[in-house]
Amino acid sequence: MNQRFVQMSLLVRDYDEAIEFYVKKLKFILVEDSTLSETKRWVVVKPQGSGGASLLLAKAANPEQLNYVGNQAGGRVFLFLYTDNLERDLENLNLHNIPIVRGPVNEEYGKVVVFKDLYGNLWDLIEPSSKNPNIK
C-alpha cells in the first residue's frame, strides 16, 4: 500500500487576506485560485521546495465554522513546517511582525520556533537535525 497526505483544509476568515499572509509573508506558492461559485473559491497554497502537502484555504461558510478559524487544534500546535534554514525564516517572520510564541530552541530533532499565523493557529517551524528520524 502506498498512501500519503497531499492536501489539508485550513479554515480562514477571508480568501484574499489568507493569500496575502501565506504567499506574501510566509512566501508560500499560490498553486490555484479558482472561483467555484459566487461565494466559494478553490484556493491552494504550498511551501516552497519539493514534496510535501499543500493547504486548501477554506473560507468559513457559517458562524459555527467561523468559531474554529484560528483554533482548529484547540490551542495546540497545528501545523509543522520543515525548513532548510531556520535563521533565514525567523528573520522573515520578524520582518513581517508574525508573532513568535516560543524559541528558537534546540531540540534533539532540530531547531524549533513556534509562531502564530494571521488567525492564531500555532505552527512549528523546524530545521531538522541529522538525528531526526523523519528526514529522508
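The analysis underlying the following values was restricted to heavy atoms, covering all of them including side chains, and did not include hydrogens, waters or symmetry mates. Along the sequence shown, residues are numbered consecutively beginning with 1.
No side-chain heavy atom of Asp33 sits under 4.5 Å from any side-chain heavy atom of Tyr15. Considering only heavy atoms from C-beta on, Leu55 comes within 4.5 Å of Phe28 through its side chain. Between Asp16 and Arg41 there is a side-chain heavy-atom pair separated by less than 4.5 Å. The shortest distance between side-chain heavy atoms of Leu118 and Tyr22 falls below 4.5 Å.
Remark: side-chain polar atoms of Gln72 are not paired, donor with acceptor, to backbone N or O of Leu10 under 3.5 angstrom. Between the side chain of Asp89 and the backbone N or O of Leu93 there is no donor-acceptor pair closer than 3.5 Å. Under a 3.5 Å cut-off, the side chain of Asp124 and the backbone N or O of Ile126 do not form any donor-acceptor pair. Without hydrogens or angle criteria, Tyr119 side chain to Arg13 main chain gives a donor-acceptor distance under 3.5 Å. Judged purely by atom type and a 3.5 angstrom limit, Ser129 uses its side chain to pair as donor or acceptor with the backbone of Glu108.
Judged as a salt bridge (Lys or Arg N to Asp or Glu O under 4.0 Å), and not counting sequence neighbours, Glu32 has no contacts. Phe115 pairs by the ring-ring contact (aromatic ring centres under 6.0 Å, His included) definition with Trp123, not counting sequence neighbours. Qualifying salt bridge (Lys or Arg N to Asp or Glu O under 4.0 Å) partners for Lys25, counting only residues two or more places apart in sequence or in other chains: none.
Ser54 and Gln7 share a donor-acceptor pair across their side chains, judged by distance under 3.5 Å alone.
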